[in-house]
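Presented below is the structure to which this report refers.
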Amino acid sequence: MLEKEIDKTEVAKSVSMLWDPLSDEQRELFVEKLSVLQLSRDEVLFRQNDVPDYFYYLLKGKVAFHKTGVANQTHIVRMVEPGAIFGYAAAIEGCNRHSTAVAGDDTEVLRIPVNLMFHFIWENSNFAMLFLKELSTLIGLSINRTISLTQKHIRGRLAETLLSMKDKYGVEDDGCTLAVYLSRDDIAHMSNMTTSNAIRTLSSFAQEGLIVIDGRKIKFVDCDALKVISDRG
């Protein structure tokens with residue numbers, strides 16, 4: 001994990017969701033305290049149970065959140081795409097990190113000290129409202145995910161995972177191939193199933209002509225049919 005040499009002012013201005021609500025004086029502090037980190041694929045940004053000293057904004061790449069649960073099993077509980085703020089929930093709650101953040105690709109993140117974030121929240125109601133909205137969105141996503149993982153069958157869960165990744169990361173220039181390459185373990189963890197079940201279900205989707213699999217590449221053929229499977233659960 002390396003700190004990148006940057007034009008701090010230009011980077012700060014590019015993050016409009018954080019920059020726009022700030023006063024001129026707050027913007028000076030923001031520029032002074034920010035830094036940009038570069039991470040390689042599978043490099044850890046922070047670990048579960050760490051003290052949350054910073055919050056982050058994803059500039060480039062991908063970040064996956066891994067949580068270790070019962071019997072030391074690790075699950076991917078969330079992934080974020082460029083333009084996402086993350087790493088702040090535990091700080092606001094006043095506890096240690098809930099999960100481990102791992103770069104899913106060559107990644108760049110904007111890093112801001114948590115104490116500066118709280119300073120802005122106390123001084124600036126518009127900045128505070130930004131984080132209230134973000135937390136509300138997280139709660140909604142968590143509720144929907146809980147319902148999905150507890151009520152849907154394997155096919156429905158996997159179809160939802162694939163479509164969710166398509167919505168988050170888009171497709172390559174061919175308009176069909178998912179623009180993120182996930183291992184079978186990753187797909188299984190995100191769908192709350194065993195790796196063997198994920199492999200079998202992906203193969204089933206391929207045999208039915210819904211997707212085409214080439215290593216870690218997944219090409220969508222019939223998204224409408226996947227949506228039906230996801231909705232039916």
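This one's a predicted model, so the numbers in the text were calculated from it and none came from an experiment.
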Could you report the tightest heavy-atom contact between [X] and [Y], atom names first, then the distance?
X	Y	result
P21	S16	CD-O, 4.0 Å
A103	L39	CB-CB, 3.9 Å
L158	A198	CD2-O, 4.0 Å
C176	D174	N-OD1, 2.9 Å
R27	D20	NH2-O, 3.4 Å
L202	I218	CD2-CD1, 4.3 Å

Kindly indicate, with the supporting measurements, whether the criterion salt bridge (Lys or Arg N to Asp or Glu O under 4.0 Å) is fulfilled by R155 and E208. CA-CA 12 Å; R155 285 171 59 86; E208 295 167 33; 2.9 Å; yes
Mind checking whether [X] and [Y] sit in one hydrophobic cluster, side chains of I, L, V, M, F, W, Y counted as touching below 4.5 Å?
X	Y	value
L130	L135	yes
M165	I187	yes
L226	M193	yes
M190	I199	no
Y54	V80	yes

4.5 Å side-chain heavy-atom contact, [X] and [Y]:
X	Y	value
L110	V15	yes
K166	L178	yes
M117	I92	yes

Euclidean distance, [Y] [atom2] relative to [X] [atom1], rounded to 0.5 Å:
X	Y	atom1	atom2	result
H119	N124	NE2	CG	9.5 Å
K133	M129	NZ	CE	6.5 Å
D24	L29	CG	CG	11.5 Å
D185	T195	CG	OG1	3.5 Å
D106	K60	CG	NZ	6.5 Å
R78	H66	CZ	NE2	12.5 Å

Is the [atom1] atom of [X] crowded by more than 12 outside heavy atoms at less than 6.0 Å?
X	atom1	answer
R184	CZ	yes
K33	NZ	no
D173	CG	no
E25	CD	no
M17	CE	yes

Exactly one of V171, I211, T177 should register a side-chain contact (heavy atoms from CB on, under 4.5 Å) with K219. Which one does? T177
With F205, which of I213, V221, I229 fulfils side-chain contact (heavy atoms from CB on, under 4.5 Å)? I229
For a side chain to side chain donor-acceptor pair (under 3.5 Å) with S191, tell me which candidate from D186, T161, T201, N197 qualifies. T161
I'd like to know if the side chain of [X] and the backbone of [Y] have a donor-acceptor N/O pair within less than 3.5 Å.
X	Y	result
R97	G87	yes
S40	E43	no
D222	L210	no
Q207	S204	no
K67	H98	yes

Begin from the C-alpha positions of F120 and L18 and carry the test side chain to side chain contact (heavy atoms under 4.5 Å, CB included) through to its verdict. CA-CA 10 Å; F120 291 161; L18 297 174; over 6 Å; no
Would you tell me whether D167 and S164 have side-chain atoms, one donor and one acceptor, within less than 3.5 Å of each other? no
Is there a donor in the side chain of T100 and an acceptor in the side chain of R47, or the other way round, less than 3.5 Å apart? no
Using the ring pair (Phe, Tyr, Trp, His ring centres under 6.0 Å) criterion, which residues pair with F65? Sequence neighbours excluded. F86
Output all residues satisfying ring pair (Phe, Tyr, Trp, His ring centres under 6.0 Å) with F55, sequence neighbours left out; order by chain, then residue number. F131
E81 with K62: basic N within carboxylate O range, under 4.0 Å: no
Could you name each residue pair satisfying ring pair (Phe, Tyr, Trp, His ring centres under 6.0 Å) that touches residues 25-49, not counting sequence neighbours? F46-Y56
Evaluate the side chain to side chain contact (heavy atoms under 4.5 Å, CB included) criterion for residues M79 and L182: first the C-alpha distance (whole Å), next the side-chain angles of each, then the deciding distance (0.1 Å), finally the verdict. CA-CA 11 Å; M79 295 182 71; L182 300 173; 4.0 Å; yes
Residue pair V109, V36: steps toward the side chain to side chain contact (heavy atoms under 4.5 Å, CB included) verdict: CA-CA 6 Å; V109 295; V36 172; over 6 Å; no
